[in-house]
Amino acid sequence: MTQNNAAKIWHEVASPFCGIASDDLTIEVNGSTVKILENGDAITQAGFETPITDTQPRIQGKPASLAEAVEHIANLFRHSQQPLIGGLGTDLNGARAALALADKSGAIVDSQYSKAAFRNILVLQDTGYMTTTLTEVRNRVDLLVVIGSDIEATFPRFFERMVWNDESMFGQEIESRQVVFIGKAPSGDASTSPGGRKAKVLGCADADLPEVLSVLRALVKGKQVQASEVGGIQVAELQRLAEQLLEAKYSVLSWSAGQLDYDHAEATIQTVCEMIKELNATTRSNGLPLGGKEGDTTVNAVASWQTGYPMRTSFHRRFPDYDPFINETQRILNNNEADVLLWVSSFNVAVTPPQSNACTVVLGRSGMQFETEPEVFIPVGVPGIDHEGRTFRTDSVVSVPLRKLRDSGLPSVFDVLTAVEQAL
């Protein structure tokens, strides 16, 4: 950290706002104002530069002290028949505190990103899968196949940091790396190599992905395919890709589950994962599911080691009771099965609670706007800006330390949830 008059300059700052956890940001902090000076992108800029607009808790729209707000929440939980802790946009300690409160109060826990996360989790639970790490991609990949996802839009620096990196551990020529998109085309030029070589795009609609990938898997296995095209893609093109996959020394098939937004997308992911296993009979291949923004990977990791299960776990019977369908937030609220909703969203002002008949409490980032004022709103600090913390990146193998960059006076999610638990 260096200091320039009143402003402080922070170097090598990690971002909790993107799944790849870019850790090379240069940031200027002047009072409560944060500005990225180097290595920012659209996602990290929106995350770091959102201003603080309110700092005082509210009860029924009226200003209150933090102690009053905590006691009010505790009283709601005392009289609740079925509380639900949702959203869970928080860091490692915030997730731990949420699970501790759920354990004590009999609440159900679920993340705002569970719908996408469970497209991967259900495959992992059913047949397992082989996945790699960002470091392995950076050092080994020679063929990257991106499936149904415009990862340039959601992970703007992925190609810069993981594919077109200046150096690799084993002296690989970066220009020799091949990139292929199946389904969506990239929205920008990040996937273009430094030498100007564009990624190959085999375009098709999301609805055609299951069939396209089933044919690709059949071709990888050496099966004969009678059709000449599938989903608008020539089978001859898929045959060439199958041959590339079989010839590659280290291929990676990557997808963003959040963008595979169609019925039973988990079956498509399972097709990909089974194909990866089959490729490993003669070469090396791995999957790379991309996600993990705003605590997504973190809360599932904490839930798994604390309870043995991911999100969508109920403590109503005083032990972890996992069900990925019954314990889904929107289903519960649609059926009026929860009378108190405690919504946690410390990273993103746009991630507000869904409308419901439940009495709603929000621990949210300063600046949140609500269609309906919640019963209680407590502005909380952002991990990696207002307090120290840890978050897991998309590959689940590295927990990234987050720094405190400014003194905002805002409490952490951990502080508030721990206080509520102790008040019960």
Side-chain angles (χ1 to χ4, degrees), residues 19 113-124 126-131 141 143-155 158-159 163 178-192 197-248 251-279 285-291 394:
Y113 296 116
S114 283
K115 183 178 179 181
F118 271 91
R119 294 172 189 147
N120 293 328
I121 291 169
L122 292 174
V123 176
L124 177 61
D126 187 33
T127 53
Y129 55 32
M130 300 174 63
T131 58
V141 67
L143 173 61
L144 174 68
V145 181
V146 182
I147 297 164
S149 309
D150 176 16
I151 60 176
E152 289 190 356
T154 48
F155 303 89
F158 173 79
F159 284 96
V163 181
Q178 304 288 319
V179 179
V180 178
F181 283 78
I182 300 176
K184 294 180 177 71
S187 56
D189 296 319
S191 59
T192 300
R197 180 166 37 84
K198 294 280 188 180
K200 186 173 184 177
V201 179
L202 304 179
C204 71
D206 284 352
D208 293 322
L209 281 170
E211 189 176 8
V212 169
L213 292 165
S214 293
V215 169
L216 178 61
R217 181 185 175 193
L219 294 170
V220 165
K221 295 171 70 175
K223 304 295 184 181
Q224 293 294 318
V225 175
Q226 299 301 317
S228 61
E229 65 90 22
V230 55
I233 301 173
Q234 294 297 310
V235 170
E237 291 281 3
L238 292 174
Q239 179 65 56
R240 279 190 282 273
L241 178 55
E243 292 166 0
Q244 282 181 277
L245 286 165
L246 290 164
E247 293 168 1
S251 63
V252 172
L253 287 81
S254 183
W255 65 91
S256 174
Q259 295 188 46
L260 300 180
D261 193 9
Y262 52 88
D263 289 343
H264 306 298
E266 67 275 6
T268 302
I269 294 171
Q270 190 166 42
T271 297
V272 174
C273 293
E274 292 302 295
M275 179 169 60
I276 288 168
K277 295 176 188 177
E278 292 153 2
L279 284 165
S285 183
N286 270 299
L288 182 69
L290 288 171
T394 186

For V123 against E266, the heavy-atom pair lying closest together = CG2-O, 3.2 Å
Evaluation steps, side-chain contact (heavy atoms from CB on, under 4.5 Å), between V180 and L144 = CA-CA 6 Å; V180 178; L144 174 68; over 6 Å; no
About how many Å separate OG of S256 and CG of D261, when rounded to the nearest 0.5 Å?
-> 10.5 Å
Under a 4.5 Å cut-off applied to non-hydrogen side-chain atoms, are V201 and P186 in contact?
-> yes
Look up atom CG in N120 and atom OH in Y129, then write down how far apart they are to the nearest 0.5 Å.
-> 4.5 Å
How about V179 and K198: do any of their side-chain heavy atoms sit closer than 4.5 Å?
-> no
For S187, all residues meeting side chain to side chain contact (heavy atoms under 4.5 Å, CB included), sequence neighbours excluded = D150, E152, A153
Non-hydrogen atoms of D206 and Q259 that approach each other most closely | OD2-O, 4.0 Å
For A190 and F159, which heavy atoms make the closest approach, and how far apart are they?
-> O-CB, 3.2 Å
Hey, is the main chain of A257 close enough, under 3.5 Å, to the side chain of S149 for a donor-acceptor pair?
-> no
For P210 and S214 the tightest heavy-atom approach is O-OG, 2.8 Å
How far does CD1 of I151 sit from CG of L288, to the nearest 0.5 angstrom?
-> 8.0 Å
Solution key, residues 218-226 side-chain donor-acceptor pairs under 3.5 Å, sequence neighbours excluded:
none

With a 3.5 Å cut-off and sequence neighbours excluded, list the donor-acceptor pairs that the side chains of residues 228-245 form with protein atoms.
residue	atom	partner	partner atom	Å
E229	OE1	G232	N	2.9
E237	OE1	K200	NZ	2.8
E237	OE2	R240	NH2	3.4
Q239	NE2	E243	OE2	3.4

For the atom pair CD1 (I147) and CG (L253), what is the distance rounded to the nearest 0.5 Å?
-> 4.5 Å
If we only count heavy atoms from C-beta on, is the V252 to L143 side-chain gap below 4.5 Å?
-> no
Could you walk me through whether S251 and V145 pass the side-chain contact (heavy atoms from CB on, under 4.5 Å) test, one step at a time?
-> CA-CA 8 Å; S251 63; V145 181; 5.9 Å; no
Atom NZ of K277 and atom OG of S285: how far apart are they, to the nearest 0.5 Å?
-> 12.5 Å
Can you see which heavy atom on G148 is nearest to which on L209, and at what distance?
-> CA-CD1, 3.7 Å
d(W255 CH2, L290 CG) to nearest 0.5 Å is 9.0 Å
For A265 against R119, the heavy-atom pair lying closest together = CB-CD, 3.9 Å
